[in-house]
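Written out below as structure tokens is the structure these notes cover.
Since the structure is predicted, the reported quantities are computational estimates derived from the model, not experimental observations.
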Amino acid sequence: MTIRYRTEVIDGLDVFYREAGDPSAPTLVLLHGFPTSSIVYQELIAELADEFHLIAPDYPGYGHSSAPSAQDWEYTFDHLADVVDRLLDRIGVTRYAVYVHDYGAPVGFRLALRHPERITGIVTQNGNAYEEGLTPFWEPIRAYWAEPSEENGDALRTLLTRAATHWQYTHGVPDPGRVNPDLEVFDQALLDRPGNQEIQLALFLDYGTNPPRYREWQDYLRSHQPPLLAAWGRNDEIFGPDGARAFARDLKDARIHLLDAGHFPLTTELAQSSALIRDFLRSL
């Protein structure tokens, strides 16, 4: 198995992605969340590339992709979805399952609404589409949505610190000693780049456009009934397990598994996650 590290120029930006597996095999597009990048999928790609084709892009502002300033580029979830959509078109990926985690959910559901015929299935690991999944963690961010003042924005800068990144990786994990600290070090180094806090604040603010669209995403689920696997960290204090259970309300055959993990199930439950994903992809 060889992972290839590639870059395409999309709308004047370098967009980095990881690719592995036979392009003629069923494709899984892996969409990352905050505060990480496609690096979080490195081990999962290695687990699945013997049987499937894997594509994992970095959004603008993340990983190895270009990170123009928040003044020079509009950091919205619509815009992130535009870039991923154009990247997939550029590399000829027109039929795929999508894996969504955290920010990956609003990107992935936008793609599904644009191209329902392209989506063969959805894997969600703590990728939310229901109000039930929003925990008290979101209260200060909701305050920023309601009043996008400098004061409310500055109150969120604590979410961009090393302590907060460490918490995201380790909260809800029965044995934090199983969490590889290399991931949080890499993520934090990129968060600490000059100007990156403003990028993250722009996306915190724009996340407020997503809950009003949950009903639209749920309508898509009900009308198209895409196969869906929710392999969710049940101890997540960002997107709670009720967000996973809610998929069963709209999908007759949703597969829902609550794992003994936190916000990043792959960091401690890679074997269980990859086995569930492999079985799911084989069934499509």
Side-chain angles (χ1 to χ4, degrees), residues 2-20 23 27-42 44-45 53-94 96 98-111 114-115 118 127 148 153 156-157 159-162 164-165 168 182-210 264:
T2 300
I3 299 179
R4 292 178 173 83
Y5 306 95
R6 306 184 187 278
T7 300
E8 292 284 345
V9 178
I10 306 295
D11 297 342
L13 301 180
D14 288 340
V15 179
F16 172 88
Y17 65 100
R18 299 165 198 262
E19 181 175 17
T27 297
L28 178 65
V29 174
L30 301 151
L31 299 176
H32 69 80
F34 166 85
T36 189
S37 63
S38 63
I39 194 172
V40 78
Y41 297 127
Q42 186 86 356
L44 181 65
I45 291 170
H53 179 221
L54 291 305
I55 298 285
D58 288 347
Y59 313 136
Y62 292 86
H64 299 290
S65 289
S66 294
S69 74
Q71 290 73 40
D72 294 333
W73 201 77
E74 186 181 13
Y75 284 91
T76 67
F77 287 90
D78 282 341
H79 215 174
L80 297 184
D82 290 342
V83 170
V84 175
D85 198 10
R86 290 167 188 159
L87 172 68
L88 296 177
D89 281 344
R90 174 76 56 82
I91 63 179
V93 175
T94 59
Y96 53 90
V98 63
Y99 172 116
V100 299
H101 173 261
D102 190 89
Y103 279 6
V107 175
F109 278 106
R110 280 169 170 77
L111 296 179
R114 294 177 188 183
H115 309 293
R118 296 185 179 186
L156 302 179
R157 292 182 188 272
L159 299 177
L160 307 174
T161 62
R162 176 63 190 275
T165 300
Q168 283 208 60
D182 293 348
L183 289 172
E184 64 184 70
V185 169
F186 180 81
D187 292 351
Q188 193 62 44
L190 297 182
L191 284 177
D192 289 341
R193 289 177 293 179
N196 197 267
Q197 286 202 1
E198 280 58 46
I199 290 172
Q200 304 309 326
L201 289 175
L203 286 169
F204 286 162
L205 181 60
D206 194 67
Y207 199 94
T209 66
N210 293 319
F264 286 100

[atom1]/[X] to [atom2]/[Y] distance, rounded to the nearest 0.5 angstrom?
X: L111; Y: D82; atom1: CG; atom2: CG; answer: 9.0 Å
X: I199; Y: L191; atom1: CD1; atom2: CG; answer: 10.0 Å
X: R90; Y: I10; atom1: CZ; atom2: CD1; answer: 4.0 Å
X: L156; Y: Q200; atom1: CG; atom2: CD; answer: 11.5 Å
X: E19; Y: T27; atom1: CD; atom2: OG1; answer: 8.5 Å
X: R162; Y: D187; atom1: CZ; atom2: CG; answer: 10.0 Å

For the pair [X] (side chain) and [Y] (backbone), establish whether a donor and an acceptor sit closer than 3.5 Å, ignoring hydrogens and angles.
X: D14; Y: S66; value: no
X: Q188; Y: L160; value: yes
X: S38; Y: P57; value: no
X: D58; Y: H64; value: yes
X: N196; Y: G61; value: yes

Practice task
Give the intermediate values and the outcome of side chain to side chain contact (heavy atoms under 4.5 Å, CB included) for residues I91 and I55.
Solution key: CA-CA 10 Å; I91 63 179; I55 298 285; 4.0 Å; yes
Closest non-hydrogen atom pair, [X] against [Y]:
X: G63; Y: R193; result: O-NH1, 4.0 Å
X: P35; Y: T165; result: CG-CG2, 4.2 Å
X: V100; Y: G108; result: CG1-CA, 4.0 Å
X: P60; Y: Y75; result: O-CE2, 3.5 Å
X: I45; Y: A56; result: CD1-CB, 4.1 Å

Handout entry: Criterion side chain to side chain contact (heavy atoms under 4.5 Å, CB included) on Y99 and L44, from CA distance to verdict
Key = CA-CA 11 Å; Y99 172 116; L44 181 65; 4.1 Å; yes
Practice task
Flag the pair Y59 / Y103 as yes when their ring centroid distance falls below 6.0 Å, and as no otherwise.
Solution key: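 No; Y103 has its ring centre 6.0 Å or more from that of Y59.
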Handout entry: Between Y62 and F34, ring centroids under 6.0 Å
Key =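 No.
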Handout entry: Non-neighbouring partners of R110 that pass salt bridge (charged side-chain N to carboxylate O under 4.0 Å, His left out), sequence neighbours left out
Key =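 Listed in chain order: D78.
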Mind checking whether [X] and [Y] have side chains closer than 4.5 Å, heavy atoms only?
X: Q168; Y: L159; answer: no
X: Y41; Y: L54; answer: no
X: R118; Y: V93; answer: no
X: F264; Y: H101; answer: yes
X: H79; Y: W73; answer: yes
X: S65; Y: L13; answer: no
X: L80; Y: V84; answer: no

Practice task
Take R18 and I39 through the side chain to side chain contact (heavy atoms under 4.5 Å, CB included) test and state the conclusion after the steps.
Solution key: CA-CA 9 Å; R18 299 165 198 262; I39 194 172; 3.5 Å; yes
